[in-house]
Structures are given as C-alpha cells and as structure tokens.
Amino acid sequence: MNHIGTKEIVTDRLLLRKIRSEDDRDMFEQWASDPQVTRYLTWSAHQSIEDTHRIIEMWLKDIHELNVYRWVIELKSISKVIGTIDLVNVDSRNQCGTFGYCLSANYWNQGIASEALKAMLAYLFSEGDFHRIEASHLIENGASGRVMIKCGMKQEGVRRKKFLGHDGKFHDLVIYGILKDEFLIN
C-alpha cells in the first residue's frame, strides 16, 4: 500500500491540518477538558492543559510518517481548532483503517463533523490506496451514527458489550463501513 500521510485539506468552512504544539490551548478549552465531549471516547477529560500538551507532543513524534493520518479541525472563520479527525488501526495489507473524530460541543449539529469526514474520505479514497474505511460508536451516541450515515457509510452490525465506558459499564458498539466504490458514486 502506498501511504500518503496527513496533508492539508480545505473545505468550505474547515481547514484540516497537522497538529501543532501551539494548538494545546484551543484543544484543552474547546473539547479535551469537556466531560460532555469525552463521555463516549476511550479517554477521559483532561484535567489540565499539561495533559493536553503531553498528548500533542506524543502525536507530534510521528506526524510526519506517511502511515499516520491525524488532522485537527480548524474553523476558518475564527481560526480556532475545534476538533480532531484521524485514521487509526491502518491495515496496509487489506487497505483499510478505522477513523475517529472529536468535536467541541459548541459546534455539534452544524454539519462540521460531516464536512470533515467527507473531506477525509475523499482524500483517502481518491489520493490514497484505501479500499475500505470503518468506524464505530457507542449505541447511546446516535448523533455520531447519523454523521456516518450522512457520509455514505452503512451500518454493518453491533458488537454487544464491546466497550468499557468511563461509567464502568460495558456498552454496545455499532459498526459502520464504506468501500471506495460506494463513496465515489455518492
């Protein structure tokens, strides 16, 4: 598989770009410290900007690798970073990966996650060698599923009690996928 890495992507409202050290303040204030945002994620809300800075420094170590696909979502109208979108679990042999995104609650229900996801899928499918992109969400987070469906993904099933949440309980994960030829005809 020919990896293409994290390149800048511009949409009508957004700039998807590599993260920078100086993004720590926006990341902490906009979403990383908000328990409402992190309740469905694998990580808990950051307690201090130092937590956020440590994560960013870790991400910066491999951001220039061609098999790393990690963007911040910058809202062009205010020049602020309001979220992230990335592709993880990249499987070169099978030409697929799993994406995840995180967005400030101040910008939910405005089509921003869908705009970022469509742009990322277009990049991975048209410029990259990806055949399939997958995603999942906790069954309680239906809004995330609506973003995936809006971007042409199909629900493929439910993994029962797959995810141990911050509440100490296991939750069902809803699984989605999209193939390159399905995206290109949308």
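Worth saying up front: this structure is predicted, and the values here are computed from it rather than measured.
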Could you tell me whether [X] and [Y] make a salt bridge, using a distance below 4.0 angstrom between a side-chain N and a carboxylate O?
{"X": "Arg160", "Y": "Asp172", "result": "no"}
{"X": "Glu29", "Y": "Arg25", "result": "yes"}
{"X": "Lys76", "Y": "Glu74", "result": "no"}
{"X": "Glu182", "Y": "Lys154", "result": "yes"}
{"X": "Glu156", "Y": "Arg132", "result": "yes"}

Could you tell me if the side chain of [Y] sits less than 4.5 Å from the side chain of [X], heavy atoms only?
{"X": "Cys102", "Y": "Leu41", "value": "yes"}
{"X": "Ile19", "Y": "Leu60", "value": "yes"}
{"X": "Asn89", "Y": "Glu134", "value": "no"}
{"X": "Met153", "Y": "Ile149", "value": "no"}
{"X": "Ile133", "Y": "Leu87", "value": "yes"}
{"X": "Lys169", "Y": "Phe163", "value": "no"}
{"X": "Asn94", "Y": "Met1", "value": "no"}
{"X": "Trp59", "Y": "Thr84", "value": "yes"}

Could you pull out the closest heavy-atom pair between [X] and [Y], with the gap in Å?
{"X": "Trp31", "Y": "Thr38", "value": "O-CG2, 4.2 Å"}
{"X": "Cys151", "Y": "Ile178", "value": "O-CD1, 3.7 Å"}
{"X": "Gln30", "Y": "Val81", "value": "CG-O, 3.4 Å"}
{"X": "Asp51", "Y": "Gln47", "value": "OD2-N, 2.9 Å"}
{"X": "Ala105", "Y": "Val37", "value": "N-CG2, 3.7 Å"}
{"X": "Asn2", "Y": "Asp129", "value": "N-OD2, 2.8 Å"}

### Query
Going by atom types alone, do Tyr40 and His166 pair a side-chain donor with an acceptor below 3.5 Å?
no
### Under 3.5 Å side-chain donor-acceptor pair for Ser33 and His46
no
Donor-acceptor pair, side chain of [X] and main chain of [Y], under 3.5 angstrom:
{"X": "Ser21", "Y": "Glu57", "answer": "no"}
{"X": "Thr52", "Y": "Asp24", "answer": "no"}
{"X": "Glu65", "Y": "Lys61", "answer": "no"}
{"X": "Glu115", "Y": "Arg13", "answer": "yes"}

Do [X] and [Y] land in one hydrophobic cluster if side-chain heavy atoms of ILVMFWY residues count as linked below 4.5 Å?
{"X": "Ile9", "Y": "Ile4", "answer": "yes"}
{"X": "Met148", "Y": "Leu14", "answer": "yes"}
{"X": "Leu16", "Y": "Ile78", "answer": "yes"}
{"X": "Val10", "Y": "Leu103", "answer": "no"}
{"X": "Ile63", "Y": "Ile56", "answer": "yes"}

### Task
Test Tyr69 against Met120 for side-chain contact (heavy atoms from CB on, under 4.5 Å), laying out the working first.
CA-CA 9 Å; Tyr69 302 90; Met120 186 188 78; over 6 Å; no
### Message
Is the ring pair Trp71/Tyr123 parallel, tilted or perpendicular, if the boundaries are 30 and 60 degrees?
### Response
perpendicular
### Atom CG of Asn109: over 12 foreign heavy atoms under 6.0 Å
no
### Query
Which of these, Arg17, Lys18, His53, sits in a side-chain hydrogen bond (donor to acceptor under 3.5 Å, both in side chains) with Asp23?
Arg17
### Task
For the pair Val72 and Arg20, evaluate side-chain contact (heavy atoms from CB on, under 4.5 Å) and give the outcome as yes or no after the intermediate values.
CA-CA 9 Å; Val72 292; Arg20 303 178 193 133; over 6 Å; no
### Task
Kindly say whether the aromatic ring centers of Phe125 and Phe130 come within a distance under 6.0 Å.
no
### Message
Is it the case that the ring center of His137 lies less than 6.0 angstrom away from the ring center of Tyr176?
### Response
yes
